[in-house]
2 protein chains.
Amino acid sequence: MADWQPTPVDWTSTRGRILLAASELFAQRGYFGTSTRDIAEAVAIRQPSLFHHFSAKHEIFRTLIDMDLGPSIGRVRSRLTEQTTWGEKLHLTVASDVREMLVQPFDARGLYQDAVLAMSEFVQEKRGIEIFHDLVEELIRSGTRDGEFVECDAGFVLRAANGVLFETLREQGGPRGRMRVQRPLQAADFVLRALLVEPADLDRIRAVTQRRLSEAAVPAGG
Amino acid sequence: MADWQPTPVDWTSTRGRILLAASELFAQRGYFGTSTRDIAEAVAIRQPSLFHHFSAKHEIFRTLIDMDLGPSIGRVRSRLTEQTTWGEKLHLTVASDVREMLVQPFDARGLYQDAVLAMSEFVQEKRGIEIFHDLVEELIRSGTRDGEFVECDAGFVLRAANGVLFETLREQGGPRGRMRVQRPLQAADFVLRALLVEPADLDRIRAVTQRRLSEAAVPAGG
DNA sequence: GTCTATAAAATGATAGAC
DNA sequence: GTCTATCATTTTATAGAC
């Protein structure tokens with residue numbers, strides 16, 4: 001995990017429909033608040049039939065997290081290799097993370113809950129989140145070192161940026177909500193304004209992000 | 001609800017110890033992930049004895065939310081009546097919210113989960129949260145109107161600020177974590193830097209907040 | 001105010017027919 | 001690949017003794 005591209009899912013297959021329905025239920029009622037019967041009902045199969053596609057309830061959850069986290073890590077990694085300013089990297093990272101979460105077919109809002117990730121089944125996923133955090137923290141620290149970002153506690157800023165990202169998603173109501181197209185840029189603007197030594201640079205940075213975002217899908221591999 | 005000061009709790013009584021233990025378990029494992037047996041065990045009584053103190057599991061949760069939310073609403077209301085700049089009001093609001101959550105004896109991290117609040121038992125609490133949001137949104141909108149804050153979507157900024165607040169608390173590990181004293185100011189700085197038209201004002205604003213925070217408990221009633 | 005005993009329902013998962 | 005039937009466990013909550 002932590003990097004590889006998950007095998008694409010056929011969202012019309014039973015397996016795909018289970019993932020889709022489960023992600024929505026997890027987002028609405030949480031992992032513990034969603035029973036395997038609820039999921040089965042949403043897919044219109046019987047509860048035991050679920051276990052033909054996933055060996056356990058937690059395997060559904062794991063699959064969803066990995067599908068969301070893998071590409072995210074890939075995107076930051078990709079940003080770190082580019083010849084751009086730190087401000088551009090961070091702005092594009094935040095904006096494309098928000099956008100991906102809004103355009104992907106499943107709902108990722110219920111996935112990053114400490115209470116759930118605390119279970120032993122998810123050590124691997126916790127490690128993946130840690131990797132993602134380390135990469136973004138490195139990005140922030142570099143920006144500060146080179147005088148682009150204000151002096152700050154990178155660990156704290158990482159958390160703050162994460163909070164902005166998730167609340168943005170929460171407010172949107174997930175992929176089902178009518179996507180407000182400006183949200184990815186607004187979220188990135190908020191974080192960058194809080195960090196930039198030269199707030200005047202923001203307009204230029206936003207223009208760069210806007211262009212890159214419109215280049216189809218912002219390929220993760222470069 | 002929505003405003004009144006909850007009756008003070010004796011944290012050494014059985015009822016108080018139930019609230020304390022439950023808040024920690026809710027924070028660690030979530031509402032649905034915590035059973036009444038878990039709570040009883042932490043308090044060293046038998047599970048049915050809980051129901052002598054609270055008529056249902058959700059009443060424990062309700063009590064905790066109300067204890068946290070009521071004072072929060074009181075504080076913002078109080079800020080709105082003061083003769084200070086909008087920047088000062090917002091900075092102090094964020095900082096004292098973070099600080100209160102870090103110094104109060106119970107752990108509020110597990111309380112504001114959409115998945116839990118979606119239950120019909122908590123309509124009243126959802127309403128309280130709405131009131132709090134409306135007040136903060138009004139504060140932000142006023143700051144923008146008077147040219148102190150940048151042009152923005154107040155609803156979005158409210159969410160972003162909220163995200164910063166909760167991630168700060170999450171990172172701290174709740175009241176049990178060794179409080180990093182600078183966190184309340186860091187969180188408020190982050191939000192204000194993202195909003196201020198004149199970032200240079202931040203130092204002065206921070207000084208004001210610092211003074212008010214050190215005036216004992218920042219009385220909510222004035 | 002706490003206990004034991006227990007009800008009543010829901011949960012994740014398995015066995016085996018079709 | 002889906003079904004019925006069912007198990008073992010855990011859940012919230014109640015009854016009633018002390």
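Chain naming here is simple, since letters A, B, ... match the order of the sequence lines and numbering starts at 1 in each.
The interatomic distance linking B:F54 (CZ) with C:dT2 (P) rounds to 12 Å, in whole Å. For the pair A:H53 NE2 and D:dT2 C1', the computed distance is 8 Å after rounding to whole Å. We find that CD1 of B:I45 is positioned 8 Å from C1' of C:dT2, with the value rounded to whole Å. To the nearest angstrom, P of C:dT14 lies 13 Å from CG of A:L50.
Taking a 4.0 Å limit (strictly below) on heavy-atom distances, residues 107-121 of chain A does not reach DNA chain D anywhere. Of all the residues in residues 12-20 of chain A, A:T14 reach under 4.0 Å from DNA chain D with at least one non-hydrogen atom.
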Readout for nucleotides 7-18 of chain D: B = base within 4.0 Å of protein heavy atom, S = sugar-phosphate only, - = neither; 5' to 3' it is ----BBBB----
Side-chain polar contacts of residues 160-169 of chain A - donor-acceptor pairs under 3.5 angstrom, sequence neighbours left out - could you list them?
unit_1, atom_1, unit_2, atom_2, d
A:E167, OE1, B:R159, NH1, 3.4
A:E167, OE2, A:R170, NH1, 3.4
A:T168, OG1, A:V164, O, 2.6

List the atom pairs, donor and acceptor, that lie under 3.5 Å between side-chain atoms in residues 17-33 of chain A and the rest of the protein, sequence neighbours left out.
unit_1, atom_1, unit_2, atom_2, d
A:R17, NH2, A:V43, O, 2.8
A:S23, OG, A:L20, O, 2.8
A:S23, OG, A:D107, N, 3.0
A:E24, OE2, A:R176, NH1, 3.0
A:R29, NH2, A:G33, O, 3.3
A:Y31, OH, A:H58, N, 3.3

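Residues satisfying the side chain to side chain contact (heavy atoms under 4.5 Å, CB included) test with A:D153, not counting sequence neighbours, are A:F156, B:R183, B:Q186. Partners of B:E137 under the salt bridge (Lys or Arg N to Asp or Glu O under 4.0 Å) rule, at least two apart in sequence or in another chain, are B:R141. Remark: B:E59 pairs with B:R62 by the salt bridge (Lys or Arg N to Asp or Glu O under 4.0 Å) rule, at least two apart or across chains. Residues meeting the salt bridge (Lys or Arg N to Asp or Glu O under 4.0 Å) test with A:E130, sequence neighbours left out: A:R127. Partners of A:Q113 according to the side chain to side chain contact (heavy atoms under 4.5 Å, CB included) rule, which considers only residues two or more places apart in sequence or in another chain, are A:V116, B:Q113. By the ring pair (Phe, Tyr, Trp, His ring centres under 6.0 Å) test, B:F54 is found to be paired with no residue, residues two or more places apart in sequence or in another chain being considered.
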Could you check B:S35 against B:D38 for side-chain hydrogen bond (donor to acceptor under 3.5 Å, both in side chains), going step by step and ending with a plain yes or no?
CA-CA 5 Å; B:S35 72; B:D38 296 333; 3.2 Å; yes
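The phosphate of C:dG1 has OP1 or OP2 within less than 4.0 Å of a side-chain N or O from B:H52.
Among residue pairs with one or both ends in residues 45-56 of chain B, none qualify as salt bridge (charged side-chain N to carboxylate O under 4.0 Å, His left out); sequence neighbours excluded.
With respect to the salt-bridge test (charged N to carboxylate O, under 4.0 angstrom), the residues A:R211 and A:E215 qualify.
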